[in-house]
K.L.:
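I'd like to ask you about the structure that follows.
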Amino acid sequence: ETGLYRDVDGLWTWNYERGTSVRTTEPSVRLPRGPDLDPAGLGRRLLSEARPAEVSRLPARRVAGRAAPGLRLRPADPGSTVDRVDAWIDPGSGLPLRVGVYGAGSSRPVVETWYLDFDPRTPATSILAFDPPYPARTRGEINPDLAAAIDTFSGVEPPGELAGLPRRVRVEGLGSVGTYGTGMTVLVAVPLPGGVSESLTDQLAKAPGAVTGGSGGGGTVRLAVGPLSVLVTDPPGRRGWLFTGTVTAATLDRAAAEIAALPPRGTR
């Protein structure tokens, strides 16, 4: 059992079995966590950039014992691999109670999450507060995962536009991990540290459905999981990159080609 407790200064990660707690800041780029599938949080992220013309009504259904109106977001961008997002909303709070994500050509959701119980009342502060029960087993970390470390220390500045998609500017500032696109069309470009690209291509090549290739002595691995596409490059003598997102394979190939055409020591 792992608990996450966020406050204005950062994040506590509590591991019940080990009896340890870790204090970190909340990075602007990080690997996914289990709570990212919380219906309210996932629904807000997926619907936050929807345009009126992309949204239509769905019949209401009961979720967590409540009658919830439904809506469907169907991205207008043909470059997105997401066919639609179906969500049912609590009419009082406006929070999504159930969310389903469908890939192109799929009749079943790739991701579906919903509440079994829901209470819109604000919890008491005493319930949300966290005090480490074992102070001797508490430690602090600057970068909680590899993605955050790469974003902070890689020293690479991704281009302002990639594969025809504009870079998404984060409030916290620009790091080495580039995120591009709008709405449901999102591309992420991650510069990989030395040796990581070779190891990652070897691992992904063993996954079902992986496609390997490359030219000029460089290796690539491509993988698709529902609407999520992944491409890893391992060029000889140069930095490897990981490209992923809800974009087509052609968009990943274009992004990789544009990065490969940039000077080896600087990506701007």
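Atoms considered below: every heavy atom in the structure, side chains included; atoms not considered: hydrogens, waters and symmetry mates.
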K.L.:
Using the salt bridge (charged side-chain N to carboxylate O under 4.0 Å, His left out) rule, collect all pairs that involve residues 102-116, keeping only residues at least two apart or in two chains.
P.N.:
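Listed once each, the pairs are Arg98-Glu112.
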K.L.:
Test Ile89 against Leu71 for side-chain contact (heavy atoms from CB on, under 4.5 Å), laying out the working first.
P.N.:
CA-CA 8 Å; Ile89 314 297; Leu71 59 84; 4.1 Å; yes
K.L.:
Identify, with sequence neighbours excluded, every residue that meets side chain to side chain donor-acceptor pair (under 3.5 Å) alongside Asp83.
P.N.:
Arg74
K.L.:
Looking at residues at least two apart in the chain, or sitting in another chain, which of them share a side chain to side chain donor-acceptor pair (under 3.5 Å) with Arg139?
P.N.:
Glu141
K.L.:
So, using ring-ring contact (aromatic ring centres under 6.0 Å, His included) as the criterion, who are the partners of Tyr115 when residues are at least two apart?
P.N.:
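Scan of Tyr115 (ring-ring contact (aromatic ring centres under 6.0 Å, His included), adjacent residues dropped) gives Phe118.
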K.L.:
For Asp7, check side chain to side chain donor-acceptor pair (under 3.5 Å) against everything at least two apart and list the hits.
P.N.:
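Asp7 satisfies side chain to side chain donor-acceptor pair (under 3.5 Å) with Arg23 once adjacent residues are dropped.
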K.L.:
Hey, is Glu17 close enough to Arg137 for a salt bridge, meaning N to O under 4.0 Å?
P.N.:
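Salt bridge absent between Glu17 and Arg137.
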K.L.:
Got a list of side-chain donor-acceptor pairs under 3.5 Å for residues 185-196, not counting sequence neighbours?
P.N.:
{"from": "Thr185", "atom 1": "OG1", "to": "Asp77", "atom 2": "OD2", "distance (Å)": "3.0"}

K.L.:
What residues, two or more places apart in sequence or in another chain, satisfy side chain to side chain donor-acceptor pair (under 3.5 Å) together with Thr251?
P.N.:
Thr248
K.L.:
Going by side-chain contact (heavy atoms from CB on, under 4.5 Å), name the residues that satisfy it together with Glu161, two or more places apart in sequence or in a different chain.
P.N.:
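Expected list: none.
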K.L.:
Got a donor-acceptor contact below 3.5 angstrom from the Thr233 side chain to the Trp241 backbone?
P.N.:
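Flag set: sc Thr233 to bb Trp241 pair under 3.5 Å.
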K.L.:
CG of Asp145 to CG of Leu31: how many Å apart, nearest 0.5 Å?
P.N.:
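Those atoms lie 4.0 Å apart.
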K.L.:
Which pairs count as side-chain hydrogen bond (donor to acceptor under 3.5 Å, both in side chains) when at least one residue sits in residues 121-136, sequence neighbours excluded?
P.N.:
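Pairs touching residues 121-136 that pass the test: Asp119-Arg121.
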K.L.:
Strictly by salt bridge (charged side-chain N to carboxylate O under 4.0 Å, His left out), give each pair with a member in residues 52-63 just once, sequence neighbours left out.
P.N.:
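Matches after skipping sequence neighbours: Arg51-Glu54.
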K.L.:
Within the 4.5 Å heavy-atom criterion, are Thr152 and Ser176 side-chain neighbours or not?
P.N.:
no
K.L.:
We want to know whether Ser93 and Asp90 form a side-chain donor-acceptor pair, criterion being a heavy-atom distance below 3.5 angstrom.
P.N.:
yes
K.L.:
So if I apply the side chain to side chain contact (heavy atoms under 4.5 Å, CB included) rule between Thr244 and each of Leu252, Val232, Val230, which one comes out positive?
P.N.:
Val230
K.L.:
Please identify each residue that fulfils side-chain contact (heavy atoms from CB on, under 4.5 Å) with Thr138, with sequence neighbours left out.
P.N.:
Trp12, Ser21, Pro132
K.L.:
To the nearest 0.5 angstrom, please state how far the CG atom of Asp38 sits from the CG atom of Leu4.
P.N.:
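It comes to 11.5 Å.
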K.L.:
Looking only at atom types and distance, does a side-chain atom of Asp36 sit under 3.5 Å from a main-chain N or O of Arg33, one as donor and one as acceptor?
P.N.:
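Yes: the side chain of Asp36 pairs with the backbone of Arg33.
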K.L.:
Inspect the contact between Arg72 and Asp86 and indicate whether a charged nitrogen and a carboxylate oxygen are less than 4.0 angstrom apart.
P.N.:
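Yes, charged N to carboxylate O under 4.0 Å.
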K.L.:
Describe, in one word, how the ring planes of Tyr5 and Phe130 are oriented to each other, choosing from parallel (under 30°), tilted (30 to 60°) and perpendicular (over 60°).
P.N.:
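Ring orientation, 0 to 90° scale: parallel.
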K.L.:
Determine which pairs satisfy salt bridge (charged side-chain N to carboxylate O under 4.0 Å, His left out) with at least one residue from residues 222-233, sequence neighbours left out, and list them in order.
P.N.:
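Listed by first then second residue: Arg222-Asp253.
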